[in-house]
Amino acid sequence: MTGDTPLWFGATDADRGHTAAARLLRPEFRAAVGPHTLGPLLARTLRGGLFALVEDGEIAHRRAVELSVGGGSNAPHMALPAILARAANSGLAQVYEAGEIEQLRWAVVERVHGWPLRILLGRRGLAFTGRRLAALGAELADALAALDTASGDLRLAHGRLTVGHIVVDVTGRARLVGSPVAANELGMVPDAIGLGMTLACAALAVAPDPRGLTPAALRTLSAALDRPENTARVQPVLRRLVQSLLLLSPEGFRPSMSVLRGEFARHMEGLPMGVPDPAWGRALSDAVRGLPPIHRPSVADAGAVINTLALHLPALAGTRALRPPPPMLLEVPPPDATTAPKLRLIGARPPETEAPIHGADLPVARVERGNRARG
């Protein structure tokens with residue numbers, strides 16, 4: 001294995017690392033965290049993993065446990081259940097309980113059954129153009145506006161909005177998954193920029209690339225929307241709105257989500273928000289025929305989760321004699337005349353294979369029809 005192999009396993013430990021990672025995917029996997037019992041890994045997340053929740057010996061179908069390594073104040077994390085309940089927005093996956101054991105944070109979250117937008121892009125009949133693209137923007141902005149209002153002084157945000165964090169559920173609704181974080185947390189991408197990036201990817205039907213977010217990559221996305229072969233996908237005014245989000249400065253002015261919701265709603269051409277569109281439902285049904293609405297993580301995903309969490313929960317690797325991972329420090333490389341500035345991890349992996357620190361995946365190629373890239 002390469003790339004996502006657990007980094008604290010040495011070369012001589014590769015087989016042991018592969019075995020430990022594969023163990024997380026087996027149906028019989030169990031581990032205790034706080035008052036809960038974990039089942040197999042369901043998905044890799046930004047700071048850890050999403051695990052099945054075991055209740056009375058059975059896997060829960062509507063709830064799961066999200067594990068992450070905490071940093072800074074735990075107040076936003078502990079307040080998640082109350083904030084998301086107060087937001088009362090169907091576009092936000094709910095959090096039912098939250099807790100912390102030393103630096104390991106856990107949350108019982110809604111288990112959304114559906115298809116990540118990433119794997120839907122380019123599938124037959126699911127073109128995100130015109131009012132369908134505007135509806136996606138309005139729905140996401142509506143969910144983020146509700147989160148902003150409900151979080152009050154804590155100022156929560158999603159912080160890494162990408163096509164991999166949007167799940168189209170079995171009813172056809174766009175759901176935003178991944179627990180919100182403090183808006184000022186280091187390494188987060190402003191939600192307005194993430195929204196623009198997500199909509200540009202949807203309009204262009206492009207696959208994400210795991211190299212992270214750079215100003216140059218955002219400018220490339222913006223320019224791609226103006227290419228002759230793409231201009232027919234999005235009407236000019238809507239295209240300019242998406243491009244304006246792509247070109248925002250992370251430290252500068254950001255439009256409010258309530259304002260963006262209204263702007264996108266104006267381009268929905270009479271399509272009511274929150275009301276299922278029969279034409280979209282038929283297209284979705286045809287496009288996902290034979291594609292189960294359940295994420296299937298890979299052994300590489302499991303290895304990355306172990307690499308992040310095993311120091312705080314050794315049971316994941318089945319041993320207590322593991323070397324800890326290298327320090328995950330943030331560095332901003334000095335400006336270079338030939339390359340765009342980019343945040344990267346120190347000591348995690350070589351620059352040519354580095355992972356994004358914020359979950360913001362950018363596109364480099366069109367999605368092949370029928371491609372089942374991981375969400």
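Computed from a prediction, not measured in an experiment: that's the story for all the values here.
The shortest side-chain heavy-atom distance between Arg233 and Leu133 does not fall under the 4.5 Å cut-off. Counting heavy atoms from C-beta outward, Leu121 and Val206 have side chains that stay 4.5 Å or more apart. Between Leu260 and Leu195 the shortest side-chain heavy-atom distance falls below 4.5 Å. Side-chain atoms of Asp226 and Arg239, non-hydrogen and from C-beta on, do get closer than 4.5 Å to each other. Between His312 and Glu102 there is no side-chain heavy-atom pair separated by less than 4.5 Å. Within the 4.5 Å cutoff, no side-chain heavy atoms of Leu25 are placed close to those of Pro40. No side-chain heavy atom of Leu126 sits under 4.5 Å from any side-chain heavy atom of Trp115. When side chains are defined from C-beta on, Met197 does not count as touching Val189, because their heavy atoms never get closer than 4.5 Å.
For the atom pair Thr129 OG1 and Asn230 CG, the distance stands at 12.0 Å (nearest 0.5 Å). Rounding to the nearest 0.5 Å places CG of Leu316 at 10.0 Å from OG1 of Thr308. Separating the CG atom in Leu154 from the CE atom in Met78 is a distance of 12.5 Å, to the nearest 0.5 Å. Interatomic distance, OG1 of Thr37 versus CG of Asp56, reported as 10.0 Å (0.5 Å rounding). The distance from the CE atom of Met268 to the CD atom of Glu139 is 6.5 Å, given to the nearest 0.5 Å. Note that the CG atom of Leu176 and the CG atom of Leu147 stand 8.5 Å from one another [nearest 0.5 Å].
A pairwise comparison of heavy atoms in Ala20 and Ala317 identifies CB-O, 3.9 Å as the closest pair. Nearest heavy atom pair, residue Ile83 against residue Ala150, reads O-CB, 3.5 Å. Between Leu225 and Ala203, the shortest heavy-atom distance links the atoms CD2-CB, 4.1 Å. The two residues Ala182 and Pro76 have their closest heavy-atom pair at CB-CG, 4.2 Å. When all heavy atoms of Trp280 and Arg132 are compared, the closest pair comes out as CB-NH2, 3.4 Å. When all heavy atoms of Asp191 and Gly159 are compared, the pair lying nearest together is OD1-N, 2.9 Å.
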- request: Test Leu136 against Phe264 for side-chain contact (heavy atoms from CB on, under 4.5 Å), laying out the working first.
  value: CA-CA 8 Å; Leu136 178 63; Phe264 283 112; over 6 Å; no
Task: Worked verdict on Asp286 versus Arg123 for salt bridge (Lys or Arg N to Asp or Glu O under 4.0 Å) - done: CA-CA 9 Å; Asp286 290 341; Arg123 296 186 75 87; over 6 Å; no
Next on the checklist: Using the rule given for side-chain contact (heavy atoms from CB on, under 4.5 Å), can you reason through Arg47 versus Arg160, listing the C-alpha separation, both sets of side-chain angles and the distance that settles it, and then say yes or no?
Outcome noted: CA-CA 11 Å; Arg47 297 177 194 77; Arg160 64 269 191 210; 4.2 Å; yes
Exercise for the section: Would you please test Arg219 and Leu247 for side-chain contact (heavy atoms from CB on, under 4.5 Å) and show each step? Expected result: CA-CA 7 Å; Arg219 289 194 296 270; Leu247 301 179; 4.0 Å; yes
Between Thr45 and Ser68, is the side-chain contact (heavy atoms from CB on, under 4.5 Å) condition met? List the steps.
CA-CA 8 Å; Thr45 63; Ser68 62; 5.6 Å; no
Step by step, would you call Glu110 with Arg175 a salt bridge (Lys or Arg N to Asp or Glu O under 4.0 Å)? CA-CA 11 Å; Glu110 181 181 1; Arg175 309 289 308 280; 2.9 Å; yes
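Side chain of Arg111 to backbone of Ala64: no donor-acceptor contact under 3.5 angstrom is found. A donor-acceptor pair is defined here as one N or O able to donate and one able to accept, closer than 3.5 Å; no such pair exists between the side chain of His36 and the backbone of Ala107. Under a 3.5 Å cut-off, the side chain of His267 and the backbone N or O of Arg131 do not form any donor-acceptor pair. Counting only distance, with no hydrogens or angles, the side chain of Thr220 and the backbone of Ala216 share a donor-acceptor pair below 3.5 Å. Listed for the Thr231 side chain is a donor-acceptor partner under 3.5 Å among the backbone atoms of Pro228. Side-chain atoms of Asp301 come within 3.5 Å of backbone atoms of Ser298 as a donor-acceptor pair (strictly under, hydrogens ignored). Judged by distance alone, with hydrogens and angles left aside, the side-chain atoms of His77 form no donor-acceptor pair with the main-chain N or O of Ala98 at under 3.5 Å. At distances below 3.5 Å, at least one donor-acceptor pair connects side-chain atoms of Thr198 with backbone N or O atoms of Gly194. Trp106 places no side-chain N or O within donor-acceptor distance of the main-chain N or O of Val33, the cut-off being under 3.5 Å.
Hydrophobic clustering of Ile, Leu, Val, Met, Phe, Trp and Tyr side chains at less than 4.5 Å, counting indirect connections, unites Leu245 with Leu204. By the rule that hydrophobic residues join a cluster once side-chain heavy atoms approach within less than 4.5 Å of another member, Leu291 and Val168 end up as members of one cluster. Both Leu140 and Leu248 are members of a single hydrophobic cluster when ILVMFWY side chains are connected at heavy-atom separations under 4.5 Å. Cluster membership for Val108 and Val167, using ILVMFWY side-chain heavy atoms within less than 4.5 angstrom, is not shared. Linking ILVMFWY side-chain heavy atoms closer than 4.5 Å, directly or via other members, places Leu199 and Val259 in two distinct hydrophobic clusters.
The number of heavy-atom neighbours closer than 6.0 Å to CZ of Arg155, taken from other residues, nucleotides and ligands shown, is 12 or below. For Arg62, the CZ atom counts as loosely surrounded, since its 6.0 Å shell holds 12 or fewer non-hydrogen atoms of other residues, nucleotides or ligands. Counting non-hydrogen atoms of neighbouring residues, nucleotides and ligands closer than 6.0 angstrom, the CD atom of Glu28 exceeds 12 such neighbours.
Residue pairs satisfying the side-chain hydrogen bond (donor to acceptor under 3.5 Å, both in side chains) criterion with at least one member in residues 247-258, sequence neighbours excluded, are listed as follows: Ser256-Ser258.
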